[in-house]
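This report refers to the structure that appears directly beneath it.
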Amino acid sequence: MNIEKKITFLEEAVSIVGKNNVIKTSWKMYPYTKGWRYGEGRAIAVIKPGKLVEIWKILKLCVKEELIIIMQAANTGLTGGSTPFGNDYDRPVVIINTLRVNNIQMINNGDQIVGFAGSSLHDLEKKLKPLNREPHSIIGSTSIGASIVGGICNNSGGSLVKRGPAFTELALYAKINSNGKLELVNELDIYLGSDPEEILNNLENKRYSESDISNNKKLGSDDKYPEIVKSINSDTPSRFNSDPRLLNDVSGNAGKTAVFAVRVDTYPAARSKQVYYLGTNDVNVFWKMRREILSNFKNLPDLGDYLHRDCYDAAKKYSKDTFLVIERLGTKFLPTLFELKRNVDIIAGKFRFLPENFSDRMMQFFSYLWPNHLARRMDEYRNLYEHHWIIEMSDNGIKEADQYFKDFFKNNDGSFFKCNSKESKKAMMQRYVAASAVGRYHTLNKMNVGEMLSMDIALPRNEKNWFEKLPQEIDDLFEMKLYYGHLFCHVLHQNYIVKKGVDVEKLKEKLLKNYEQRGAEFPAEHNFGHEYKASADLVNFYKNLDPTNSFNPGIGGTSKLKNWK
């Protein structure tokens, strides 16, 4: 794109969204062009529309100039799928950040909602609370400000055992057809008119009535997952990102279309909840318990999240500042924090005597000055047990779990305690900030260690050897290994830092081949991003959605070139 065309494009973008919502300088674009944990690349602009129709107009402008489009909301993805990846694209890249388009509309008495492109799970949770209802995910991705649409596009699994992957067949989205023309597709099953701008304006202003809403057999959530997860003798995983059962236009599209809004189900909130903290030194204890609970309980657990002792220690030390920010200031402060970090690093970069990633080093230093932030009984279990499991039950399931845990640990290694409200919050938060620990450790020690490597593995439901045991010659290649995951779903997140000089791609290939031979699927819930190679069937799904390869090219290890050349 020559300089004259670029200037004209940016001027037209400014006329649509305003000067303050077109970011052109590289240092200001950095929070949008660098992934939350992985990947980065250049873009000619970050554009932040404030209305649905503004997204449409920007898309038309990008299509006219044959630009690459990366749709982005909170940029909280873990595999680099929300940002450019490298600088070897054949066309200029534009990022359309949708966070300003964050409306949420209640329909069907709150049993369903229409979430706009930038609406967050956190905001949805607050909106639903007075109605005693909940969104698909209420922890984890909620804590870091993830978007509703992002969850759907990634078939994000989440922690909640009864709800399965984020999924809907009801959406409003734009795609570029094989002739290079932009089309608006309304599958919300809400009549909004026929012209694209009319449809978008009517939705934006909620100019539709109950009679315009169809309630047919289209799904607003995955209604089969509870039975799937209970099939403990199956030799296939319960959930994984390329599951053809859950690939449907917007669901699982990994950014290959531009999503304006999704219509999704909400869920009745429990009357009461109880969190249990379990520990053992024998992995077979948790294997046995998982099978018994899924087979025999009348009430499925709400969640069951695993944390290894090493991961507990790493999160306690390297995720402490993130934990405290969320606990004390809430998730709404996170964007401000990232902005402050960026500015500190830019200023520090002007002084040669200050180290690289100065903000991380400064935050780590200040975290040492803060007293222990975790509950006493959690730390006691850390000393007693290698393996930790946080299980939440609700309503009638609480009494059932109380008796089961008491009886079970009479004859099996380990123990449990019932968390009070303060311990419950701390246990949950400790588990969910664990994902950031490996990144902080690597930042502070990158001169002395090799690269980071993350694995997001969905094990077969009948797999007994769920905890990774590596041959010594492979184990010796790692500087750090951190294990956590969703044990009832048999989904494990495994973060590694290899030793200096280790070929991380060859090692990754060896590890994934081993899991593939055991019937595992990957990725389980973080989606392919730029860390995993998509299968032929999934690539065909992407090609059908985006025949010119204009949206998020390169995803899943695919071509970055126009028309998939």
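Remember, predicted model here, so these are calculated numbers, not experimental data.
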Does atom OH of Tyr368 have more than 12 heavy-atom neighbours, drawn from other residues, nucleotides or ligands, at distances under 6.0 Å? yes
Applying side-chain contact (heavy atoms from CB on, under 4.5 Å), run through Asn412 and Lys288 and close with a yes or a no. CA-CA 10 Å; Asn412 292 279; Lys288 179 181 177 183; 3.4 Å; yes
Between [atom1] of [X] and [atom2] of [Y], what distance do you get to the nearest 0.5 Å?
X: Asn241; Y: Phe522; atom1: CG; atom2: CZ; result: 12.0 Å
X: Ser272; Y: Ile398; atom1: OG; atom2: CD1; result: 3.5 Å
X: Leu124; Y: Ser137; atom1: CG; atom2: OG; result: 10.5 Å
X: Tyr381; Y: Leu307; atom1: OH; atom2: CG; result: 15.0 Å
X: Trp287; Y: Leu487; atom1: CH2; atom2: CG; result: 10.5 Å
X: Ser454; Y: Leu482; atom1: OG; atom2: CG; result: 11.5 Å

Is the distance between the ring centroids of [X] and [Y] under 6.0 Å?
X: His136; Y: Phe167; value: no
X: Tyr276; Y: Phe417; value: no
X: Phe85; Y: Tyr38; value: yes

Between [X] (side chain only) and [Y] (backbone N and O only), is there a donor and an acceptor less than 3.5 Å apart?
X: Asn97; Y: Ala73; value: yes
X: Ser319; Y: Lys316; value: no
X: Arg133; Y: Thr266; value: yes

Which atom of Cys489 lies closest to which atom of Tyr225, heavy atoms considered: SG-OH, 3.0 Å
Would you name the heavy atoms of Phe416 and Lys406 that are closest together and state the gap between them? CE2-N, 3.8 Å
If only side-chain N and O atoms count, and only distance matters, is there a donor-acceptor pair under 3.5 Å linking [Y] with [X]?
X: Glu292; Y: Tyr404; answer: yes
X: His493; Y: Tyr483; answer: no
X: Gln364; Y: Asp360; answer: no
X: Thr83; Y: Tyr32; answer: no
X: Ser242; Y: Ser535; answer: no
X: Gln494; Y: Tyr515; answer: yes
X: Glu400; Y: Asn299; answer: yes
X: Asn527; Y: Tyr532; answer: no

Would you say that [X] contacts [Y] through its side chain, given a criterion of any heavy-atom pair below 4.5 Å between the two side chains?
X: Pro84; Y: Ile95; result: yes
X: Asn154; Y: Asn253; result: no
X: Phe528; Y: Leu538; result: yes
X: Tyr441; Y: Met480; result: yes
X: Ser415; Y: Tyr385; result: yes
X: His530; Y: Ile555; result: yes
X: Ile293; Y: Met289; result: yes
X: Ile497; Y: Val438; result: yes

Counterpart residues, side chain to side chain donor-acceptor pair (under 3.5 Å), relative to [X] (two or more places apart):
X: Asn372; result: Asp379
X: Tyr306; result: His387
X: Asp243; result: none
X: Thr280; result: Asp413

Does the salt bridge (Lys or Arg N to Asp or Glu O under 4.0 Å) test come out yes or no for Glu227 and Lys230, once each step is laid out? CA-CA 5 Å; Glu227 291 305 313; Lys230 283 162 44 174; 3.5 Å; yes
From Glu423, Arg377, His388, Lys426, residue fulfilling side-chain hydrogen bond (donor to acceptor under 3.5 Å, both in side chains) relative to Tyr277: His388
Residues two or more places apart in sequence or in another chain: which of them pass ring-ring contact (aromatic ring centres under 6.0 Å, His included) with Phe358?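 ring-ring contact (aromatic ring centres under 6.0 Å, His included) check on Phe358 returns nothing, list empty.
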Qualifying salt bridge (Lys or Arg N to Asp or Glu O under 4.0 Å) pairs with a residue from residues 442-459, counting only residues at least two apart or across chains: none
Under the salt bridge (Lys or Arg N to Asp or Glu O under 4.0 Å) definition, can you give me all pairs with a residue in residues 458-483, not counting sequence neighbours?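 Sorted pair list: Glu463-Arg518, Asp475-Lys481.
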Working for side-chain contact (heavy atoms from CB on, under 4.5 Å), residues Ser251 and Leu246: CA-CA 7 Å; Ser251 295; Leu246 299 174; 5.8 Å; no
Can Ser120 and Ser147 be said to form a side-chain contact (heavy atoms from CB on, under 4.5 Å), step by step? CA-CA 4 Å; Ser120 72; Ser147 69; 5.6 Å; no
Under the side-chain contact (heavy atoms from CB on, under 4.5 Å) test, which residues partner [X], sequence neighbours left out?
X: Ser394; answer: Lys162, Ala270, Lys273, Asp302
X: Trp370; answer: Lys320, Leu324, Arg328
X: Phe353; answer: Phe351
X: Met363; answer: Asp321, Leu337, Lys341, Arg440

Check for me whether Arg163 meets the cation-pi criterion with Tyr267, that is, NZ or CZ under 6.0 Å from the six-membered ring centre and within 45 degrees of the ring axis. yes
I'd like to know if Glu380 pairs up with Arg376 as an ion pair, taking the criterion as any Lys NZ or Arg NE/NH1/NH2 lying under 4.0 Å from an Asp or Glu carboxylate oxygen.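 Yes, this pair counts.
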Review item, side-chain donor-acceptor pairs of residues 500-510, under 3.5 Å, at least two apart:
residue	atom	partner	partner atom	Å
Lys500	NZ	Met447	O	3.0
Asp503	OD1	Glu505	N	3.2
Asp503	OD1	Lys506	N	3.2
Lys508	NZ	Glu531	O	2.1

Chi angles and distances behind the side-chain contact (heavy atoms from CB on, under 4.5 Å) call for Glu392, Gln274: CA-CA 6 Å; Glu392 182 182 83; Gln274 177 61 55; over 6 Å; no
